[in-house]
Every structure is written in C-alpha cells, then in structure tokens.
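First comes the structure, then the notes that go with it.
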Amino acid sequence: MRRQYPFHLIEPRWQQHWEAQETFRAFNPGESPAAEHPFAVRHGDTAPESLEKYYILDMFPYPSGAGLHVGHPEGYTATDITARYLRMQGRHVLHPMGWDAFGLPAEQYAIKTGQHPRKTTEENIANFTRQIKGLGFSYDWSREVNTTDPNYFRWSQWIFLQLYHSWANPASGKAESIDTLEFPADVTTDEARRDFRDDHRLAFVSHAPVNWCPELGTVLANEEVIDGKSEVGGHPVVRRPMRQWMLRITAFAQRLLDDLETIDWSDSLKEMQRNWIGRSEGAEVEFRIQESEDRICVFTTRPDTLWGATYLVLSPEHEWVDGITTDDQRSAVTDYRATAARKSDLERTELAKEKTGVFTGAFAINPANDEPVPIWIADYVLASYGTGAIMAVPAHDARDLEFAQKFELPVRVVVQAPEGESLGFVGDGTSVESGFISGLPTPEAKAKIVEWLEGKGQGKRTINFKLRDWLFSRQRYWGEPFPIVWRDGHHEAVAESDLPVLPPELDDYKPTTEGDPPLARAADWVDLSDGATRETNTMPQWAGSCWYYLRYLDTQNNERHVGEAAEKYWMNVDLYVGGTEHAVLHLLYARFWHKVMFDLGHVSMAEPFQRLVNQGIILGEDGQKMSKSRGNVVNPDGVIDEYGADAFRLYEMFMGPLEMMKPWNTKGVEGVYRFLGRVWRLFIDEGSYKDYEQAVTAAPDQAEALLAGLKLHAAINDTEPTPEQLKVLHACIKKVTDDLDGMRYNTGISALMVFVNEASKWESRPREVLGIFLRLLNPFSPHLAEELADRLGEVSGNTLAYQPWPEWDEAFLVEEFIEFPVQVNGKLRGHIDITPETSREEIEQLALACEKVQQFIFEKEVKKVILVPNKLVNIAVK
RNA sequence: GCGCGAGUGGCGGAAUUGGUAGACGCGCUGGAUUUAGGUUCCAGUCUCGCAAGGGGUGGAGGUUCGAGUCCUCUCUCGCGCACCA
C-alpha cells in the first residue's frame with residue numbers, strides 16, 4: 001500500500017533528536033538546564049523549581065515476554081498527550097517510566113529452562129523499551145527505574161525495615177517507632193518484652209492459616225485470590241497454617257477509608273476500595289454459656305434484634321467448640337469440623353448452596369430475656385470476620401432464616417416492617433416483643449440496647465472491617481529477600497548498612513519441598529558465620545510497586561529512598577493513569593505504605609495519588625476480550641509498521657473516551673492515518689512528494705537525503721489570515737484546549753480534523769495559521785508535527801515541545817451573520833438570519849414573521865416567546 | 001443478593017450548565033482522476049414519505065415553553081464484591 005507520508009523516516013529521526021537533546025528531562029530542585037536546552041530557551045533563567053510542577057504518572061508495566069499489547073499504550077498515550085500539552089502550557093512536567101520486573105513468569109521460565117530470571121527480565125525490558133520508545137512518548141528516561149535493580153530494591157528492603165521497626169499507636173492513630181511502645185506492668189522479662197514488641201510491629205510473623213497455592217508453590221494475599229483460585233493462572237488455593245510475614249494494614253483501615261474523601265478518584269474506584277475495607281458499625285454482645293462462667297462474644301450490626309436471637313452459631317474453627325460440645329454431640333461435631341477443614345474456599349462458598357451445620361449440645365443465655373438458646377456450628381459463619389461467632393436472628397436475616405428453617409429452630413419476629421411482611425424483613429423498622437426497646441425505631445433501639453448491655457458489662461459498641469492484614473511473604477526466588485535473620489528462634493533486622501540483601505545464585509529455582517522457598521536451598525547464603533540464618537521467603541511483587549513513584553523523583557540517590565527537596569517539590573502525583581485491575585491491590589497497598597512513611601516523616605503528604613483515572617480496556621475486533629486463545633490479539637508492532645506511531649497514538653485516543661471499554665477496529669486506524677496524510681498534503685507539495693517517491697524507488701538507500709528535496713505546498717505564504725481563516729483556527733484552539741483540560745482526547749482529535757477539512761479548501765494558506773495548528777497537533781502526533789514545523793520555519797529550541805500553547809481570542813469566533821433557530825412548541829420549524837447586534841424585540845418579530853413559522857402559529861394563540869441568547873427562540877402556541 | 005457504571009444510525013462514538021440529536025471517523029452508494037487494483041478528490045448517507053410533513057436517543061410514565069440530558073417505575077448489558085452477621 002502506498003504510504004500516506006514517510007512516517008517510517010520521520011518518526012525515528014525525531015525520536016533520536018529528542019533523545020540526543022534530552023528534550024524531556026525534568027529538573028530537580030538545584031538542577032538547571034543548559035542554556036541551549038529548549039526548556040531554558042522557553043523559560044530563560046527562571047529556576048525550574050520555581051515553576052508550577054505537574055507529576056504525571058503511568059502504572060509501570062510488568063515486562064512480560066509477550067511484549068506490549070494495545071492496552072498499554074492507551075493509558076501511556078493519554079498521559080503523554082497531557083504531559084506534552086502542559087509542558088507547552090509552561091508547566092514543569094515530570095513524566096517517568098520504569099519496570100515492575102519481579103514476578104512469576106520470569107521465575108517459571110527459569111524453572112523450565114534453568115535460565116536466570118535476571119536474563120529473561122533484561123531481555124523483556126529491552127523489548128519493552130524498544131516498543132515504548134518507538135511510540136515517541138515524552139518520558140524522562142534518565143529517571144528510569146527497575147524494581148529488580150539492587151540499587152532500587154535496597155530501598156524496598158529499607159522501607160520494610162521501617163515497617164518492622166514501627167507500631168501503630170492507637171492513641172495517635174499513627175505509625176511510630178517501636179521504641180515508643182510502652183510495656184505493660186506484667187511484661188518484665190527480656191523474653192516477654194521481646195515477644196510483646198514483636199506482637200505489635202507493623203511487619204510481624206503469623207502462624208495463622210493462609211492461602212496456599214500448590215500449583216504456584218506459594219502463598220497468596222487475600223486480594224490475589226479470586227473465587228478460591230489464584231488471580232495469576234487460576235489455580236486452586238487451599239487454606240493451610242504456615243509461618244508467614246504479615247503487614248498490619250488493618251491498623252490503617254479507618255484512615256485508608258477516610259482519606260478517600262481527600263482525593264480525586266472515580267466514584268466507582270473509591271467504592272471498590274470502600275467495599276474492600278468493608279467497615280461496618282455494630283456491637284459485640286456477650287452470651288453466658290449455660291452452667292458456666294464463660295461467655296461467648298458475638299458481633300452483630302443489629303443489637304436491636306437481640307430478643308429475636310434464638311440460637312448462636314460458631315464457625316467450625318472457633319476455639320471454644322471443643323470445650324462446649326457435649327459428649328453425645330461430640331462425634332457429629334468432630335466429623336463436621338473435619339469436613340469443613342477439608343473444603344477449599346471455593347467449595348465453602350460457591351458450591352455450598354445449602355446451609356449445613358451441627359448442634360454442639362450446649363446452650364447459652366440470651367442476655368435480653370435470660371432464655372437458653374442452643375449453640376450450633378456452621379461453616380456459613382466465618383472464623384476470620386468479627387468474633388467468628390454470631391447470634392442468629394432468623395426473623396431478620398436471610399441466612400439465619402434459611403438455616404433455622406432447615407434445622408427447625410425457633411423464629412421470633414422482633415422488628416415491625418413499615419409496610420408488608422415483617423418475617424424476613426432486614427431493613428429498619430420498629431422494635432416489637434423486645435422488652436424495654438419495644439416501640440422504638442431501629443436506630444434508637446440500637447443505641448438503647450447497647451447502652452444497656454454496656455451497663456451490664458455484657459457488650460459494647462464496635463466497628464468491624466473486612467480488610468485483613470496483608471500476607472507479605474512468598475515462597476519464590478524472583479523477589480526481594482527479606483532483610484531479616486533468625487537467631488535462636490527469633491527474628492532480627494539486618495543492619496541498614498548491610499542493605500541490599502542480594503538473593504543467592506541458584507541452579508534450580510523450584511520450591512524445595514512442601515512450601516520451603518527456593519532460597520532455602522542456598523545453604524551458603526542462608527547460614528551466617530555467627531550462627532544466624534537468613535529468612536528465606538521473599539517479598540511479593542507489590543513491594544516494588546508500592547513506592548516506585550517516589551524513586552522516580554531521585555533515582556540516583558544513594559543516601560535516601562528519595563531526597564527531601566525532590567520529594568517536597570514533586571509530590572504528590574497530580575495525575576495517575578492505569579487499569580482498574582489494581583483497584584484493591586496496588587492502589588490500596590501503596591496508599592498504606594505511603595501513610596506509614598508519612599507518619600514516620602519520610603514523605604510530606606498523606607496520600608500519594610491526587611487524581612486517578614482508569615483507562616477502559618480495549619477489546620478485540622470481535623468485541624471480545626483480547627486473548628491468545630481467541631486469536632484476537634492486536635500487536636502494536638504490526639500496526640506501527642503499517643501506519644506509524646503517530647497514527648497508532650491518534651487512533652488509540654480517537655476510539656472513544658479514555659475511561660470507556662471499547663473494541664479495536666483496524667479500519668479506524670486507517671481513518672486517522674488518512675487524516676495524517678491530509679495534514680501532510682496540507683503542508684507538502686504533492687508534485688514534489690511524487691517525485692520523491694519515484695526517486696526513492698530507484699534509490700531506496702537515498703530516502704533520507706531525498707526527503708530534503710520535498711517542497712512546501714505552493715498555497716503556503718506569508719499573507720495576512722482572513723477573518724474566516726482566523727475563525728476556523730481559533731475555534732480549533734478553543735475546542736482542543738477545552739478538551740485537553742477535560743482529557744477528552746477523542747473530541748479534541750475531531751476538532752483537529754474539522755480544521756484540516758476546512759484548511760484543505762483554502763487557496764491561500766497563511767504560514768502563521770498553519771504553524772499554530774501544528775502546535776495543537778503536537779501533543780497528539782508529535783513526530784509529524786515536529787517534522788512539518790521544522791519545514792515550515794524556524795522553531796526556537798529545535799522542538800515544538802516547549803513552544804507556548806496557543807490562546808484563542810473570542811473576538812474571532814463571533815459570527816457576522818447567524819442562522820438562528822426558531823422553534824414552535826419545542827420543535828424546530830425554521831431559521832432567521834440575524835447578527836450579534838439584533839435586539840431581542842427584533843428577533844422575536846423576525847421569528848413570528850418567519851414564513852415557515854407562520855404556518856404553525858396561524859390561527860393559534862401565541863402564549864409565550866422564549867428567547868435563549870445564542871441558542872434559539874421558541875414560540876409557545878395553543 | 002448488594003454496590004457501581006452504561007444503553008443514541010449498519011459500526012466506534014458527538015451533543016460542558018435542560019436549548020437545532022447524530023459532530024468526527026469507519027462502512028456503504030454514486031461520480032471524477034489515475035487506472036491492473038489501490039490511492040486521492042467531490043457528492044450523498046437516522047427513518048417513513050414523491051412532497052408537505054411525520055417518527056426517532058432500551059421501555060412506560062412525569063416535570064418543562066423545550067428532555068438523550070432532570071424525576072419515578074421497568075428491562076438489558078458490563079464491572080466489582082459476594083454466607084462479612
């Protein structure tokens with residue numbers, strides 16, 4: 001196919017120019033550009049740090065072997081356009097890129113082939129770099145980070161130590177040094193004090209059941225388990241107790257929830273985080289066990305239904321089950337617990353349509369009415385939420401009702417529904433048959449019963465979160481080793497001066513045995529000369545991505561994770577763009593780490609990402625999700641070969657709104673490619689381009705040199721633009737500026753198309769007008785814009801990157817004659833010719849006199865004439 | 001089940017605050033140039049109707065001079081969470 005224009009020559013040339021010129025370098029406080037750098041050409045002696053900054057961040061990719069897919073450049077193009085736009089607007093823009101390079105695929109490939117994951121990772125990064133650079137993004141490559149680089153993960157380990165050395169002080173609600181933790185009076189021995197501290201650290205060791213994925217040979221965080229299967233690979237996950245490192249994210253649940261109010265994220269994303277944090281207000285109520293002094297504590301959000309609590313249910317794992325079970329029920333209970341323990345999470349939720357459970361034989365006393373209620377165990381009660389025990393109120397809870405009906409337990413209505421059936425009613429109503437709270441509306445009933453329980457010492461108001469502590473260790477090779485050693489059964493921090501802790505070299509990357517990490521195989525590495533042994537787990541992939549946005553600010557700093565001045569100047573991230581897949585993983589973890597760092601004084605702001613935008617996913621041409629098995633994956637390399645990077649960028653944005661899910665259509669790429677061809681022909685003399693093409697056919701190796709022989713279009717000249725031309729130009733400036741401010745890239749592009757459609761008709765094309773158009777085009781398709789601007793005339797600093805963004809003048813947009821719409825009863829009936837000076841009265845008269853309008857108001861009563869300035873006039877008749 | 005979002009031509013999508021529905025692009029139809037095709041350029045393209053005119057933004061109501069936009073009910077699709085007491 002004939003090329004619309006020689007993008008294959010233009011694009012690499014400008015990419016090399018930007019690289020050589022370091023066009024997109026951002027400058028830290030204290031740094032300044034050389035005098036000939038385009039930043040200095042634009043801003044003169046002004047110190048970069050005195051300019052208003054804008055930090056625009058992409059979610060850095062995992063460099064997989066498959067290379068870039070079309071989803072990556074969607075977000076990257078959007079941020080690049082905004083970065084280039086704001087640079088032209090005079091902002092000091094930081095726009096970096098890096099690699100989230102620890103991860104499972106490289107390790108699995110290593111297990112299969114014996115090749116070191118570092119090698120795979122390096123190759124993949126090289127490929128990603130080539131692809132991303134080929135798209136002409138304006139990244140400051142001097143700030144590239146790689147999470148697997150020891151100079152990077154040294155600081156990931158350092159941050160882990162900050163967590164290790166801290167605790168969450170409930171009094172201040174903040175992370176503080178573990179040294180501020182006061183020991184209770186009864187904690188006196190060194191051993192007890194050590195244990196007490198270890199129980200309070202933000203990074204701590206737990207032996208609780210965890211999500212173990214046998215297929216992957218590692219444990220997973222709750223966030224990484226979906227429907228009982230691993231998020232990566234979809235392998236079954238089972239519960240199993242193991243010694244693991246945990247991070248105390250639960251201590252920050254309330255702040256993670258509250259601070260969502262301070263940031264500019266989409267409602268749906270905030271809602272996803274809120275749901276994940278899962279705050280619910282209620283009360284803990286204590287039920288005395290019959291013929292015993294022990295009390296079972298349950299959590300309920302409906303303490304007002306206490307009179308309707310006709311039985312209790314404990315989770316099968318509840319620690320008291322053994323103690324309370326009666327002899328005649330013991331074998332049934334033991335069997336049930338064994339069955340429940342064998343069930344995977346999947347079976348316990350998905351497959352368990354029908355409620356199951358057994359009676360323990362024991363009874364508890366309902367504190368409201370002193371009646372004995374039976375205690376059951378059932379796996380619909382989760383050990384991990386609340387107290388692992390509930391009071392069942394079958395009349396006002398669907399699950400309890402189902403259970404009660406199956407096992408013929410009593411059901412007692414205690415809330416009157418405002419209307420309709422009260423049995424099974426779960427909303428707010430009025431308490432009935434409930435002693436001293438009868439007659440009270442639900443909220444008041446709740447308050448009163450809790451007050452009463454508190455007075456009796458049998459309950460208290462509480463808040464529960466679904467959020468669990470973060471399981472932070474993995475049984476893998478290709479991750480950050482923990483900066484931890486073990487001595488006499490206790491863990492100790494590695495000295496900061498000994499960081500980074502490098503992983504050992506291995507020949508075999510497989511986990512050793514059931515759950516033993518591959519690092520355990522490296523005896524030389526594990527056993528230290530002083531008798532201590534190294535922790536052999538590694539950190540999860542999230543560790544590196546939790547703080548990379550900070551390292552970009554100061555990648556070369558060997559003294560700190562980030563220099564204070566750089567952090568203060570650049571933070572926080574003004575705009576963060578990425579996919580929704582990280583809504584509750586990366587974005588929650590990073591916020592948590594950031595808050596800890598904030599409390600400890602290592603960063604200056606409480607939230608890292610001020611504004612966050614999710615790009616929608618791109619579907620295949622068949623409207624299905626792209627996948628190898630469907631065979632509908634679009635490879636960007638092929639598209640760029642055929643149409644060029646500028647067309648690719650333009651199409652990714654022209655498809656539709658950034659945040660929307662939308663299908664790929666190669667015909668659409670051709671459309672924007674044709675548009676770029678029209679831009680080319682607006683500037684370049686067609687005859688000379690045809691000559692060039694013929695000459696290139698004869699001498700393909702001379703293509704670069706022959707390109708120099710192209711002539712500008714003969715219609716381009718230095719005449720004064722006509723008012724009509726200025727109107728078209730300024731309408732375009734206005735629309736593109738508005739759309740870029742609102743990140744409406746698709747409509748911005750359509751405005752550029754409208755301009756080109758008009759300008760193509762001009763017999764005289766003023767250089768001034770075309771030059772301004774190229775500045776508008778530059779953020780979208782920078783290679784072509786730079787090339788044509790270069791041919792059109794001198795560009796200061798040899799790049800459009802820092803040319804001032806054009807401003808529009810409303811005066812040029814005023815129409816001399818306006819076709820003003822006239823409606824009758826809200827329906828368009830005709831137009832009248834007016835000018836901006838036409839008075840209201842005149843417009844009304846003209847509208848009523850209009851011939852087309854006449855036939856609709858003839859012999860009717862004109863009730864009202866509504867004139868909306870600059871919009872229309874509407875005549876209401878009857 | 002709960003929460004969030006979205007339904008507009010043959011298709012992707014426009015329509016900042018209620019104010020000319022369908023911008024821009026794809027596709028399609030016709031024409032011109034070149035011609036082997038393609039490229040490029042011009043014209044047309046929501047629908048019914050020869051026209052005048054009528055209808056039209058998932059569906060049904062409502063508010064309004066005027067509703068794709070606001071309100072009520074309802075249907076469909078997508079996403080998230082899911083026995084969270």
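Letters A, B, ... are given to chains in the order of the sequence lines, protein chains preceding strands, and every chain is numbered from 1.
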Exercise for review: Taking salt bridge (Lys or Arg N to Asp or Glu O under 4.0 Å) as the test, write out the residues that go with A:E844, two or more places apart.
Suggested key: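 By the salt bridge (Lys or Arg N to Asp or Glu O under 4.0 Å) rule, A:E844 matches no residue at all.
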Review point. With sequence neighbours excluded, what pairs up with A:D397 under the salt bridge (Lys or Arg N to Asp or Glu O under 4.0 Å) test?
Key: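 A:D397 satisfies salt bridge (Lys or Arg N to Asp or Glu O under 4.0 Å) with A:R399 only.
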Within the sub-3.5 Å range, which N or O atoms of nucleotides 16-18 of chain B have a protein N or O partner, and how far apart are they?
unit_1 : atom_1 : unit_2 : atom_2 : d
B:U16  : O4     : A:D738 : OD2    : 2.7

Any N/O pairs under 3.5 Å between the protein and nucleotides 63-70 of chain B? List them or say none.
unit_1 : atom_1 : unit_2 : atom_2 : d
B:C65  : O2'    : A:N874 : ND2    : 3.4
B:C65  : O2     : A:N874 : ND2    : 2.5

Does [X] reach a base, just sugar-phosphate, or nothing at all? Heavy atoms under 4.0 Å.
X	value
A:E686	nothing
A:K466	base
A:R279	nothing

Given [options], which nucleotide is nearest the side-chain atoms of [X]?
X	options	answer
A:Q855	B:A85, B:G53, B:U20	B:G53
A:T747	B:G3, B:A15, B:U40	B:A15
A:D397	B:C26, B:A85, B:U39	B:A85
A:P657	B:G13, B:A82, B:C4	B:G13
A:F856	B:C83, B:G54, B:G19	B:G54

Review point. Does one side chain, of A:Q4 or A:R674, offer a donor that lies under 3.5 Å from an acceptor on the other?
Key: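 Result is no, nothing qualifies.
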Short side-chain N/O contact to [N] OP1/OP2 from [X], under 4.0 Å:
X	N	answer
A:Q273	B:G80	no
A:R3	B:U40	no
A:N746	B:G12	no
A:R678	B:C24	no
A:K662	B:G12	no
A:Y385	B:A85	yes

Point to revise | Who pairs with B:C81 - Watson-Crick or G-U, where each distance is under 3.5 Å | key: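 Partner of B:C81: B:G1.
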**Study point:** Any residue meeting side-chain contact (heavy atoms from CB on, under 4.5 Å) with A:A389, in chain and number order, not counting sequence neighbours
**Key:**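 Scan of A:A389 (side-chain contact (heavy atoms from CB on, under 4.5 Å), adjacent residues dropped) gives A:I296, A:V298, A:L314, A:H318, A:T387.
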Practice item. State which residues pass side-chain contact (heavy atoms from CB on, under 4.5 Å) with A:A364; sequence neighbours excluded, sorted by chain then number. Key: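 If we apply the side-chain contact (heavy atoms from CB on, under 4.5 Å) test to A:A364, skipping adjacent residues, the hits are A:F287, A:L312, A:V373, A:I375.
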Review point. Can you name the residues that form a ring pair (Phe, Tyr, Trp, His ring centres under 6.0 Å) with A:W808, not counting sequence neighbours?
Key: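 Checked A:W808 against ring pair (Phe, Tyr, Trp, His ring centres under 6.0 Å); zero matches.
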Point to revise | Sequence neighbours excluded, every pair satisfying salt bridge (charged side-chain N to carboxylate O under 4.0 Å, His left out) that has a member inside residues 746-762 of chain A | key: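 As it turns out, the salt bridge (charged side-chain N to carboxylate O under 4.0 Å, His left out) pairs with a partner in residues 746-762 of chain A, which skip direct neighbours, are A:E758-A:K761.
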Donor-acceptor contact present, side-chain [X] to main-chain [Y], <3.5 Å:
X	Y	answer
A:Q615	A:E659	no
A:Y336	A:D379	yes
A:N464	A:S280	no

Exercise for review: Sort and list the pairs that fulfil side chain to side chain donor-acceptor pair (under 3.5 Å) and have at least one residue in residues 821-834 of chain A, not counting sequence neighbours.
Suggested key: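 Every pair satisfying side chain to side chain donor-acceptor pair (under 3.5 Å) with a residue in residues 821-834 of chain A: there are none.
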Interface polar pairs with nucleotides 72-79 of chain B, N/O, under 3.5 angstrom:
none

Exercise for review: Quickly work out the A:K667 NZ to B:C11 P distance and round it to whole Å.
Suggested key: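 Rounded to whole Å, this separation is 17 Å.
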Study note, to complete from the structure: Heavy-atom contacts, protein to nucleotides 43-49 of chain B, under 4.0 Å, summarised as B (base), S (sugar-phosphate only) or - (none) per nt, yield -------
**Study point:** Strand-adjacent residues in residues 748-756 of chain A, judged by heavy atoms under 4.0 Å from RNA chain B
**Key:**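 Those residues whose heavy atoms fall under 4.0 Å from RNA chain B, taken from residues 748-756 of chain A in numerical order, are A:S750, A:M753, A:V754.
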